[in-house]
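Beneath this line is the structure, given in structure tokens, with notes to follow.
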Amino acid sequence: FYTFITTGIIVIGATNFAESLDSALLRPGRFDKNVTVPLPDVGGRKEILEMYAAKTKVDTNVDLNILARGTTGFSGADLYNLMNQAAVKASVDGLEAITMQVFEWAKDKILMGAERKSAVITPEMAKCTAYHEAGHALVGVLTEGSRPIHKATIIPRGQSLGMVTQLPESDQTNMSYKQMIAWMDVCMGGRIAEELVFGEENITSGASSDIQQATNMARSMVTKYGFSDEVGIVYYGGETGGDHASGKTRGQIDEEVKRLTTAAYERARGLLKKHSKEHKLLAETLLEYETLTGDEVRDVVLKGKKPDRPVVNTSEGSRGDQS
């Protein structure tokens, strides 16, 4: 927001792109007071959700704290859209109030796209996806410093056949070294699961995004955060960290990135080999229930206990017309 004050008159202007304003407008005595309005933090998101929830019927099982934590980066308009999508879904399903499950459905639709109900998923494809996602989830549960698992699903949405969601305890503006290492370990869990269960020759391309995320994290650790003894505590600009770096230093950066990602791969591999029984049980449970909450994932991994609710898929995870 920009304000201009004269005798008895206050002129206020707002823009999402301040760089487009003429510099003459920003000279002293004109629009010289700048008020930045950032996206709401977790407390702000909760208050916005409470405001919208007061205008509709929300079930007593709804925890707006969890919903606020899971909507990082949402604006007020995004949260209104979330509430509206959930209300429409509850109405279509004939519910008397919006439940937590409906809110989760609406959030997943906004973040990942609509559920691909027409997608044909074979038992083989479902099994591969289940073991892949179970690999991520198991490493997330058993790795110290990892964000808590919020949900694991093998329901296809957008371009994804499945997903494991982790939520921070609160809004985070930075991460510790331990948390970064844990993040890379979780990223590697899916590909390793495929390798251990189906063999190296049957690894799919589904881990491409995981490898990209782990690599980006490792490169930032080396070039932006000073977590490499070889490269040193130096900041290098650019996406690849090559700006202002010599040819020799770029080679060191690449070696350090490879070292970090390889170490994450080996840690996750050791964890999945050690807990292969729990991994198998978690994958089988995903095939039967398709979506598990964070608590259900932890119960399966840590207690060997499946959810106390009806199984939703009795076709080995397959979906659609298999003919």
Review point. Can V42 be reached from L39 by stepping across I, L, V, M, F, W or Y side chains whose heavy atoms are under 4.5 Å apart?
Key: no
Point to revise | Note, K306 side chain near V311 side chain (heavy atom, < 4.5 Å) | key: no
Point to revise | Spatial distance of atom OG (S209) from atom CD (Q212) [nearest 0.5 Å] | key: 6.0 Å
Review point. Are V301 and L281 joined in one hydrophobic group, where the rule is that I, L, V, M, F, W and Y side chains link up if heavy atoms are under 4.5 Å apart?
Key: yes
Exercise for review: List for me each residue that meets side-chain contact (heavy atoms from CB on, under 4.5 Å) alongside E124, sequence neighbours excluded, and say none if there are none.
Suggested key: T122
**Study point:** Any donor-acceptor N/O pair, D41 side chain to G44 backbone, under 3.5 Å
**Key:** yes
Revision key, fill the gap. Residues passing the side-chain contact (heavy atoms from CB on, under 4.5 Å) test with A54, sequence neighbours excluded, are none
Review point. Is the closest side-chain heavy-atom distance between D108 and K151 below 4.5 Å?
Key: yes
Revision key, fill the gap. In terms of heavy-atom contacts, L79 and T71 come closest through CD2-OG1, 4.0 Å
Check your understanding: Under a 4.5 Å side-chain heavy-atom rule over Ile, Leu, Val, Met, Phe, Trp and Tyr, are F74 and M100 clustered together?
Key -> yes
Review point. With clusters built from Ile, Leu, Val, Met, Phe, Trp and Tyr whose side-chain heavy atoms come within less than 4.5 Å, directly or transitively, what are the remaining members of the cluster of V197, listed by chain and number?
Key: Y131, F198
Practice item. Kindly state each residue pair satisfying salt bridge (Lys or Arg N to Asp or Glu O under 4.0 Å) with at least one member in residues 194-211, sequence neighbours excluded. Key: E195-R269
Exercise for review: Applying side-chain contact (heavy atoms from CB on, under 4.5 Å), name anything that partners E296, two or more places apart in sequence or on another chain.
Suggested key: L292, T293, P307, R309
Review point. Hey, are T249 and S246 close enough side-chain-wise for a donor-acceptor pair under 3.5 Å?
Key: yes
Exercise for review: Treat each ILVMFWY residue as a node, draw an edge where side-chain heavy atoms are under 4.5 Å apart, and state whether V186 and M163 are in one component.
Suggested key: no
Point to revise | Point-to-point distance, once rounded to the nearest 0.5 Å, from CE of M184 to OG of S146 | key: 12.5 Å
Review point. Please, which pairs that meet ring-ring contact (aromatic ring centres under 6.0 Å, His included) have at least one residue in residues 290-323, sequence neighbours excluded?
Key: none
Review point. Is it true that E104 and K107 have a side-chain N and a carboxylate O under 4.0 angstrom from each other?
Key: yes
Practice item. Report whether L138 and Y289 are members of the same hydrophobic cluster (ILVMFWY, side-chain heavy atoms less than 4.5 Å apart, transitive linking). Key: yes
**Study point:** Side chain proximity check, N313 to R319, heavy atoms < 4.5 angstrom
**Key:** yes
Point to revise | Any E50 side-chain heavy atom under 4.5 Å of K46 side chain | key: yes
Could you pull out all donor-acceptor pairs under 3.5 Å where a side-chain atom in residues 223-233 meets a protein atom, sequence neighbours excluded?
| from | atom 1 | to | atom 2 | distance (Å) |
| --- | --- | --- | --- | --- |
| T223 | OG1 | R219 | O | 2.7 |
| K224 | NZ | Y236 | O | 3.1 |
| K224 | NZ | G238 | O | 2.9 |
| S228 | OG | E230 | N | 3.4 |
| S228 | OG | V231 | N | 3.2 |
| S228 | OG | E256 | OE1 | 2.6 |

Review point. What residues join L161 in its hydrophobic cluster, counting side-chain heavy atom gaps under 4.5 Å, either direct or through other members?
Key: I121, M125
Point to revise | side-chain contact (heavy atoms from CB on, under 4.5 Å) against A152, all qualifying residues, sequence neighbours excluded | key: V164, L286, V297
Exercise for review: Walk me through it: do Q213 and N216 pass the test side chain to side chain contact (heavy atoms under 4.5 Å, CB included)?
Suggested key: CA-CA 5 Å; Q213 291 183 61; N216 289 344; 5.8 Å; no
Point to revise | Any donor-acceptor pair under 3.5 Å from T261 side chain to K258 backbone | key: yes
Review point. In Å and rounded to the nearest 0.5 Å, what is the NE2 to NE2 distance from H132 to H136?
Key: 3.0 Å
Practice item. Could you tell me which non-hydrogen atom of L64 sits nearest to which non-hydrogen atom of A53, and how far apart they are? Key: CD1-CB, 4.4 Å
Point to revise | Sub-4.5 Å side-chain heavy-atom contact between R45 and T72 | key: yes
**Study point:** Inter-residue atom distance R191.CZ - S205.OG, 0.5 Å rounding
**Key:** 10.0 Å
Review point. What heavy-atom pair brings A130 and A283 nearest, and what distance separates the two atoms?
Key: CB-O, 3.6 Å
Review point. Tell me, which pairs form a salt bridge (Lys or Arg N to Asp or Glu O under 4.0 Å) where one or both residues lie in residues 177-186, sequence neighbours left out?
Key: E144-K178, D185-R267
Practice item. Give the minimum heavy-atom separation between S176 and Q179, together with the two atoms involved. Key: N-OE1, 2.9 Å
Point to revise | Close side-chain approach of N61 and Q101, heavy atoms under 4.5 Å | key: yes
**Study point:** I110 side chain reached by D78 side chain, heavy atoms, under 4.5 Å
**Key:** no
Review point. Would you say R147's side chain and L167's backbone share a donor-acceptor pair under 3.5 angstrom?
Key: no
Review point. Of all heavy-atom pairs between M175 and M180, which one has the smallest distance, and what is that distance?
Key: O-CE, 3.3 Å
Point to revise | N/O donor-acceptor pair under 3.5 Å between S315 side chain and G317 backbone | key: no
Review point. Roughly how far, to the nearest 0.5 Å, is NZ of K280 from OG1 of T285?
Key: 11.5 Å
Check your understanding: Nearest 0.5 Å, what's the SG-CD distance between C128 and E133?
Key -> 9.5 Å
Point to revise | Residue D308 excluded, over 12 heavy atoms near CG under 6.0 Å | key: no
Review point. Heavy-atom distance under 4.5 Å between the side chains of L142 and L302, does that happen here?
Key: yes
Solution key, residues 82-90 side-chain donor-acceptor pairs under 3.5 Å, sequence neighbours excluded:
| from | atom 1 | to | atom 2 | distance (Å) |
| --- | --- | --- | --- | --- |
| Q85 | OE1 | K109 | NZ | 3.3 |
| K89 | NZ | D93 | OD2 | 3.4 |

**Study point:** Closest heavy-atom pair and its distance - A126, S318
**Key:** CB-N, 4.2 Å
Point to revise | All pairs passing ring-ring contact (aromatic ring centres under 6.0 Å, His included) where residues 86-120 contributes a residue, at least two apart | key: none
